[in-house]
Amino acid sequence: MSVVIFHNPRCSKSRQTLQLLQDQGVEPEVVEYLKTPPSKTRLKQILKMLSLKPRALMRRNEAEYKALGLGDESLTQEQLIDAMLATPKLIERPIVINGDKAAIGRPPENVLEIL
């Protein structure tokens, strides 16, 4: 089983989710997405696995979200994806992927459904 966590070590929910996985005996591949953002293709796969539109995966309370005008309803899905890739801090965290399933660890227990 290959489990991947898109992780921000400075985020308490991300740390709690990683600990929860380890408590379940899972040693995931840890991707610090602020240092190594996903490719555009990978981000689109993640959105599909989560059944989410790009804006639903964005951290809308971040200053960058407002500064970049990302609340503008006329923006296309592609423009929102490009914004997340350019500013990975906007991507909700943590995201855990197990095979063809994904979950957001908010709350951390959400990820148990895909193990």
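In this structure, Asn98 contributes its side chain and Ile114 its backbone to a donor-acceptor pair below 3.5 Å. The backbone N or O of Leu50 lies less than 3.5 Å from no partner atom in the side chain of Lys101, so there is not a single donor-acceptor pair.
In this structure the side chain of Glu73 reaches within 4.5 angstrom of the side chain of Arg55, judged on heavy atoms. At a threshold of 4.5 Å between non-hydrogen side-chain atoms, the residues Val31 and Arg42 do not count as touching. Counting heavy atoms from C-beta outward, Lys13 and Pro108 have side chains that approach closer than 4.5 Å. At least one side-chain heavy atom of Leu115 sits less than 4.5 Å from a side-chain heavy atom of Leu21. By the 4.5 Å heavy-atom criterion applied to side chains, Ile95 and Tyr33 are not counted as neighbours. You'll find the side chain of Gln19 reaches within 4.5 Å of the side chain of Asp23, heavy atoms only. Side-chain contact check for Arg15 versus His7: some heavy-atom pair is nearer than 4.5 Å. With a 4.5 Å cut-off on side-chain heavy atoms, Met58 and Met84 count as touching.
From Leu57, atom CG reaches atom CD1 of Ile104 across 5.0 Å, with rounding to the nearest 0.5 Å. With rounding to the nearest 0.5 angstrom, the OG atom of Ser12 is 12.0 Å from the CZ atom of Arg10. Note: Ile5 CD1 to Leu18 CG = 5.0 Å, rounded to the nearest 0.5 Å. Interatomic distance, Leu34 CG to Lys89 NZ, rounded to the nearest 0.5 Å: 8.5 Å. Rounded to the nearest 0.5 angstrom, Asn61 CG and Glu64 CD are separated by 11.5 Å. The distance from the CG atom of Leu70 to the OG1 atom of Thr87 is 7.5 Å, given to the nearest 0.5 Å.
Annotation for Asp72: atom CG counts as buried by contact number, over 12 foreign heavy atoms lying within 6.0 Å. The local environment of NZ in Lys66 is crowded, with over 12 non-hydrogen atoms from other residues, nucleotides or ligands closer than 6.0 Å.
Heavy atoms only, all atoms of each residue included: Asn110 and Ala103 are closest at O-CB, 3.9 Å. Of all heavy-atom pairs between Leu90 and Ala83, the closest is CD1-O, 3.9 Å.
Legend: residues meeting side chain to side chain donor-acceptor pair (under 3.5 Å) with Thr76, ordered by chain and number and at least two apart, are Gln79.
A salt bridge between Arg93 and Glu32 is absent, with no side-chain N of the basic residue lying under 4.0 Å from a carboxylate O of the acidic one. By the 4.0 Å N-to-carboxylate-O rule, Glu78 lies close enough to Lys40 to be salt-bridged with it.
Linking ILVMFWY residues whenever their side-chain heavy atoms come closer than 4.5 Å, directly or via other members, places Leu52 and Met49 in the same cluster. Both Leu80 and Phe6 sit in one connected hydrophobic cluster of ILVMFWY residues. Membership requires side-chain heavy atoms under 4.5 Å apart, directly or through other members. In this structure, Ile46 is not a member of the same hydrophobic cluster as Val3, with clusters built from ILVMFWY side-chain heavy atoms closer than 4.5 Å.
Among Ile91, Val4, Ile97, the one residue that satisfies the side chain to side chain contact (heavy atoms under 4.5 Å, CB included) test with Pro38 is Ile91.
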